[in-house]
Each structure stands twice: as C-alpha cells, then as structure tokens.
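Below you'll find the structure, written out as structure tokens, and then a few comments.
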Amino acid sequence: MSCLLGLVPCPIINYLCSLMSKRVRVRFAPSPTGGLHLGGVRTVLYNYLFAKKYNGDFLVRVEDTDQSRYVAGAEKYIFDTLKWCGLEPDESVEHGGEYGPYRQSERKAGYRPYAEQLIKDGHAYYAFDTPEELEKMRQAPIVNGVKTEQNHSHQYDHTVRLKMRNSLTLPTEETNALLAAGTKHVIRIKMPENETASFTDMIRGEVSFDTSLVDDKVLLKADGMPTYHLAVVVDDYLMKISHAFRGEEWLPSAPVHILLWKYLFGLEHMPQWAHFPLILGPTGKLSKRDGSKYGFPVFAMNWNDPNTNELTEGFKEKGFLPEAFINLLALLGWNDGTEQEIFTKEELIEKFSMERVHSAGAKFDYEKAKWFNHEWLKKFDVPDLRFEVKRLLKQNGITVSDNVLFDNVIEAVKDRCVLLPDFVQQSSFFFKAPETLDIEAVKPKWNDDKKNFFIAYMEKLASATEWNVLALENSFKELATGKGIKPGELQLPFRIMLVGGKFGPPVFKIAELLGVKETIARIQTAINLFG
RNA sequence: GGCCCGUUCGUCUAAGGGUUAGGACACCACCCUUUCACGGUGGUGAUACGAGUUCGAAUCUCGUACGGGCUACCA
C-alpha cells in the first residue's frame with residue numbers, strides 16, 4: 001500500500017491514489033441459505049452506492065460452497081430482492097460479465113492450485129485429523145477433564161499443530177501415501193508466530209492482530225470446496241476487486257485474509273477494506289426471531305423457507321416502498337453531515353462516503369422506519385402510486401373503473417397513509433359503499449331534528465348547481481344554522497353516512513369525490529338504518 | 001476464557017480542543033381541524049465511569065465498566 005511517490009504513508013493520499021489508478025470494482029457475496037435481512041441489504045446498498053459514486057462496477061458472486069446449508073430458491077430470492085430495491089448488479093450469475101462463473105461451486109477446481117501453492121511455499125499444510133480427533137484435541141487442555149464456561153474451546157493453532165496428524169508431523173512418504181490413497185484431508189493455513197497483521201480500515205483506521213493468537217483456519221475442505229477464507233481472496237484477486245466491504249463480524253478473520261494476500265498475490269494488490277457496524281435488534285444482534293417477537297419485518301421481502309415451510313414477512317409485503325427502504329437503511333449507520341434525512345437513490349450515490357459510515361452498531365427502530373415510508377408516500381406523486389394502490393384494492397375485492405376518481409382519491413388520501421396497505425382502509429369507501437356503519441358513534445345523539453336536516457340536505461343536494469367542497473360546505477352550514485343546529489354536530493353523522501367510520505379525508509371532500517348521486521344514496525341508506 | 005470492535009437524549013445521530021452539546025423518530029403540551037391524520041409552535045431528555053495532557057476535553061491518552069462480534073471442514 002503506497003501512494004504514487006511511495007514516500008508519504010498517508011492513508012488518505014493512498015486512498016485517493018488507488019481511486020485514480022484503478023477502476024473501482026466492488027462485490028457482494030451472499031450465501032444462498034435464506035432470506036436477505038436488513039444487515040445484508042445494507043451491505044449491498046453501501047457497496048452499490050460506492051461503486052456508482054465512482055462510476056465503477058458492482059458485482060455479485062454467490063457463496064454456495066457450503067452444501068449442507070444450501071437452500072434451493074434462496075439464490076433467486078436474493079436477486080429478486082436486489083431487483084426490488086433497485087440495486088441490480090453490473091455483473092453476476094443473472095447479469096453475465098467477463099469474470100464468471102459467479103457461483104463458487106462452479107469455480108471449485110480453480111481454488112485447489114492456490115492452496116497447493118501455499119503448501120509448496122511453506123504457508124499451509126495437509127491435515128488428516130478426523131472429526132473425533134479434533135474433538136479430542138479440543139477437550140484435551142481442559143482442567144480436570146471438565147468443560148467450563150471460561151475454558152470451552154481450543155484452537156487448532158501453533159501450540160497444538162505439531163501434536164496432530166498433518167503433513168508437518170508425518171514423514172513425507174506417509175503424507176504422500178495418504179494423499180495417493182485418497183485419504184480425506186483438508187488444507188490449513190500455517191499461521192506464523194509473533195507477527196503482526198494489520199490493515200487500514202476505511203471506517204475504523206488501523207486495525208492490527210497478533211498472528212500467534214489466530215488459529216490455522218481450514219482453506220480447502222475435505223470435499224474439495226474452498227472455505228470463505230480462500231475463496232474470497234482468490235476471487236477478489238481474479239475478479240479485480242478494488243474495494244471490499246463487509247460486515248463487522250468478518251473483522252476477526254482479517255488476519256487470515258491479509259496473510260493469504262501477502263503469500264498469494266502481494267499486499268499491494270489487496271483491496272481497500274471497510275467493515276460495517278452491525279444492525280442490532282431490541283436485545284442484541286438483529287435476528288430473524290426479533291421480527292416475529294416484536295412485530296416488525298427483518299427481511300427485505302417475504303421469505304418462505306422450503307425446508308421448514310416457515311414464512312418470514314418482508315418489508316415489501318408489509319407495505320414499504322423500495323425508495324423508503326433503501327433510504328432508511330442508508331441512514332442506519334451513515335449520514336451526510338447535514339440535517340437531511342430523505343434522500344433519493346441518486347442523492348445517496350452522490351453524497352455517500354465511506355468515511356462517514358459509523359463504527360458503532362445501530363439499533364433498528366421500526367417507528368422511525370415507518371416515518372421514512374410516510375415521508376416517501378407524501379413525496380410521491382399520484383402516478384407513482386397508481387399501480388401498487390390498484391393492486392392492493394383489487395386484492396381486497398375492489399375494482400377501480402373510474403380512473404379520474406381514482407387519481408383524485410389517491411391525492412386526497414396519500415398523506416394520511418404510513419404503509420401501502422393503509423390505502424385500503426383510507427380509500428375503499430370511495431369505490432364501494434360501506435357495508436357496516438359505526439352506528440354507535442351516531443345513535444346516542446341522533447334525533448328527529450338531525451334526521452330532518454339530512455332529509456332537507458338531500459333535497460338541496462339534488463338541486464345543487466355547483467358541486468365542490470366550498471359549495472357543499474356552505475350549503476350544509478347554511479341549512480344547519482337555519483334549522484338551529486350547530487354544523488359541527490352534524491359533521492360526524494355525515495361522515496359516518498359516507499365513510500362508515502371515523503376516518504378519511506375532510507367530509508366535504510369525500511362528498512365532492514363521491515358525486516351527487518352516490519352521496520344522496522348513502523345519506524338515504526343511513527337514515528333508514530338510524531331510524 | 002482469549003482476541004477484535006465499540007460506547008453522545010429511550011432510538012438514529014451532529015459537533016474533528018472553545019457551541020446555552022444541534023437535528024430527526026418516539027413521548028408530552030398547545031395551535032390548526034368538530035373524524036383521523038398532515039402541518040405549526042413549544043417542552044421533557046445525552047457526552048458510561050475514573051485519571052492524565054491542556055488556559056480549556058464529548059473531542060487526545062491511559063485505565064475501569066458495560067455492550068457487541070469472532071473463537072466450525074458456516075458464511
């Protein structure tokens with residue numbers, strides 16, 4: 001890592017130089033094991049924003065090398081999520097590109113040579129230990145043969161590797177014989193002793209590790225698949241990744257990756273790294289369980305686990321707009337330094353900067369998330385909402401035939417909706433007379449005077465020459481005053497007649513949109529009902 | 001247990017040695033509105049603790065406490 005002159009060890013200059021000297025290429029590497037949760041989507045988002053900001057490439061490759069956890073359908077789900085969020089990759093399984101294949105399982109054969117090279121160079125070794133032997137090793141150092149809370153696991157590291165069955169302890173001939181016989185084995189990295197592995201995190205600054213304290217991670221599994229550690233380094237190199245961003249949970253494995261870069265390709269080719277803070281739930285790291293427990297989604301879209309047949313609700317189905325979703329996610333751990341909170345995707349791309357991402361974890365607040373959606377609903381114009389609202393109404397058995405009315409209704413109603421499904425309650429009554437009226441809200445104060453008022457009002461409406469909010473309101477108040485009733489006392493009954501309940505836009509606005517015929521019909525129906 | 005990361009209102013955060021520690025969500029009050037909202041005005045509310053450096057510390061250093069992550073042939 002050096003800047004152009006190679007003299008000034010300044011991270012910022014190095015960083016700027018790296019931006020100038022190579023094309024920005026970032027990647028997201030999901031494992032197809034389930035739904036994409038908030039943290040996952042935010043990782044995608046920050047990767048995407050960074051790539052787009054510097055006119056770079058955003059690549060998605062799939063980590064499907066753990067077959068025991070592979071879930072059919074999860075890969076498609078992940079790409080569907082990216083599509084919904086508007087964060088589509090430039091290169092991926094689905095989008096093609098010149099660095100494929102983009103599934104690790106399809107790259108399987110390519111990883112072993114790198115692991116073998118490490119062995120040749122003395123940085124890795126074959127290990128033949130069986131699961132039972134490993135278990136025995138982990139039990140061994142425990143005092144009095146008892147596992148305790150304080151001392152429960154033991155690493156496969158420099159303190160024990162010379163007591164295990166591997167190519168460091170076995171004679172060369174025996175190792176070769178075992179390999180020739182096709183004995184199950186893994187390849188482990190040989191972590192050096194007393195070295196410091198360090199790097200400059202774009203968010204946290206310098207982070208360093210004592211290599212003596214890191215274990216000899218498996219690089220190549222017995223089935224020939226690479227572990228994440230080998231795969232991420234090899235693929236990032238081959239795919240020319242310039243910046244690698246991932247969650248904070250990866251920070252402890254950084255020394256392994258740093259060493260692999262050093263041994264395999266040279267540290268000067270290692271991407272710039274940043275580790276994002278975790279997104280926390282009410283009681284700790286946000287988990288799938290938090291969703292059902294506290295009643296908010298944790299996945300971007302509905303995830304139906306084919307193994308358990310368990311459905312986890314998503315933000316999409318809950319009624320969030322994708323624009324609001326990425327907005328709220330972007331602000332969970334980043335801000336642009338001003339007081340602006342509502343950002344379009346284009347603004348986020350323009351203003352995003354990795355240096356302003358927080359280093360501390362952020363607790364997810366569902367109330368604030370809903371506020372973002374509300375703001376976006378208000379910000380949206382009617383045409384932006386037609387499709388979704390129509391779909392929701394249809395789902396609830398309401399067919400819209402009058403498109404002019406439909407637009408007017410959306411306009412009248414959208415500011416009072418927080419989530420998309422709120423449109424159903426707020427607008428159904430415009431297209432379909434309420435099936436039940438909240439009689440209890442009217443009955444106690446209902447009397448003949450009021451009844452007569454509405455009978456007279458119907459007549460007045462029937463002959464009205466003007467049909468708009470102002471005219472309706474004026475004639476209503478005139479008539480009420482003339483009959484010696486306070487107009488205010490009549491507004492609630494009028495609302496119940498038209499809407500069925502105590503909600504919706506201003507009552508005269510509703511009457512205006514409903515039109516003369518429907519308004520009179522509803523008053524008549526209600527009068528009959530109230531008696 | 002070991003290693004790593006972190007710590008400003010209940011929550012998300014601003015403040016890069018000098019501010020009455022600012023904003024947003026939530027909450028409360030009032031205004032608007034005789035529905036519910038939107039909107040407007042105001043209010044309650046924070047630098048984890050202890051040392052040190054400094055004329056001056058939320059800010060720099062150290063320690064303590066607390067929280068989180070990792071410690072798999074999972075990613």
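Letters go in sequence order (proteins before strands), and every chain restarts at 1. Bear in mind the structure is a predicted one, so any value in this text is a computation, not a measurement.
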Are there any protein N/O atoms within less than 3.5 Å of an N/O atom in nucleotides 65-67 of chain B, and if so, which ones and at what distance?
none

Using atom names, set out every protein N or O paired with an N or O of nucleotides 73-75 of chain B below 3.5 Å, distance rounded to 0.1 Å.
residue : atom : partner : partner atom : Å
B/rC73  : OP2  : A/R188  : NH2          : 3.4
B/rC73  : O2   : A/A222  : N            : 2.7
B/rC73  : N4   : A/D129  : O            : 3.4
B/rC74  : OP2  : A/K221  : NZ           : 3.1
B/rC74  : O2'  : A/D66   : OD2          : 3.0
B/rC74  : O2'  : A/R69   : NH2          : 3.4
B/rC74  : O2   : A/R69   : NH1          : 3.4
B/rC74  : O2   : A/R69   : NH2          : 3.4
B/rA75  : OP1  : A/T65   : OG1          : 3.4
B/rA75  : OP1  : A/K221  : NZ           : 3.1
B/rA75  : OP2  : A/Y228  : N            : 3.3
B/rA75  : O3'  : A/E63   : OE1          : 3.3
B/rA75  : O2'  : A/S31   : OG           : 3.1

Parallel, tilted or perpendicular: rings of A/F315 and A/F320 (30°, 60°): perpendicular
Touch class at under 4.0 angstrom, heavy-atom based, for A/R356 against every strand present: sugar-phosphate
Under 3.5 Å on both distances, the Watson-Crick or G-U partner of B/rG39: B/rC31
Assigned partner base of B/rG45, Watson-Crick or wobble definition, under 3.5 Å: none
Touch class at under 4.0 angstrom, heavy-atom based, for A/H374 against every strand present: sugar-phosphate
side-chain hydrogen bond (donor to acceptor under 3.5 Å, both in side chains) pairs, two or more places apart, involving residues 489-502 of chain A: none
Basic-acidic side-chain contact under 4.0 Å: A/K483, A/D449: no
Sugar-phosphate, base or nothing in reach of A/V207, heavy atoms under 4.0 Å: sugar-phosphate
Interatomic distance where CG belongs to A/N327 and C1' belongs to B/rC12 [whole Å]: 13 Å
A/F209 CZ - B/rU71 P separation (whole Å): 13 Å
Between P of B/rC38 and NZ of A/K378, the distance in whole Å: 7 Å
Pairwise 5' ranking along RNA chain B for A/S359 and A/P506, keeping only the more 5' one: A/S359
Spacing between A/D210 atom CG and B/rU71 atom C1', to the nearest angstrom: 15 Å
Aromatic centroids of A/F476 and A/F453 separated by under 6.0 Å: yes
Under 4.0 Å protein heavy-atom contact, by nucleotide of nucleotides 21-31 of chain B - B base, S sugar-phosphate only: -SSBB------
For B/rU53, the Watson-Crick or wobble counterpart (both distances under 3.5 Å): none
Ring geometry between A/Y294 and A/F296 (parallel below 30°, tilted from 30 to 60°, perpendicular above 60°): parallel
Ion pair A/E512/A/K509, N-O distance below 4.0 Å: yes
From A/S427 atom OG to A/K414 atom NZ, the distance as rounded to the nearest 0.5 Å: 13.5 Å
Cationic N near anionic O, under 4.0 Å, A/D236 to A/R61: yes
Pairwise side-chain contact, A/L213 with A/Q155, heavy-atom cut-off 4.5 Å (strictly under): no
Parallel, tilted or perpendicular: rings of A/Y46 and A/F352 (30°, 60°): tilted
Partners meeting ring-ring contact (aromatic ring centres under 6.0 Å, His included) with A/H275 (sequence neighbours left out): A/F199
Sugar-phosphate only, base, or nothing, as touched by A/G333 at under 4.0 Å among non-hydrogen atoms: sugar-phosphate
Cation over ring face, A/R188 and A/Y156, 6.0 Å, 45°: yes
Between B/rU13 (P) and A/N335 (CG): distance, integer Å: 8 Å
B/rA15: pairing nucleotide in any strand, Watson-Crick or G-U under 3.5 angstrom: none
Of residues 477-496 of chain A, the positions that come close to RNA chain B - non-hydrogen atoms, cut-off under 4.0 Å: A/K486, A/G488, A/R495
G-U wobble or Watson-Crick pairing nucleotide for B/rG1 (cut-off 3.5 Å, both distances): B/rU71
A/K379 and A/E375 ion-paired at < 4.0 Å: no
Protein-nucleotide distance (A/M191, atom CE; B/rC70, atom C1'), rounded to Å: 14 Å
Separation of B/rA37 P from A/L419 CG (nearest whole Å): 15 Å
Base-pairing mate for B/rC66 - Watson-Crick or G-U, with both contacts under 3.5 Å: B/rG6
NZ/NE/NH1/NH2 to OD/OE distance under 4.0 Å, A/E133 and A/K136: no
Stacked cation flag A/K368 on A/W371, 6.0 angstrom / 45 deg: yes
Atom-to-atom span, NE2 of A/H154 to P of B/rC3 - whole angstrom: 13 Å
Sugar-phosphate, base or nothing in reach of A/F372, heavy atoms under 4.0 Å: nothing
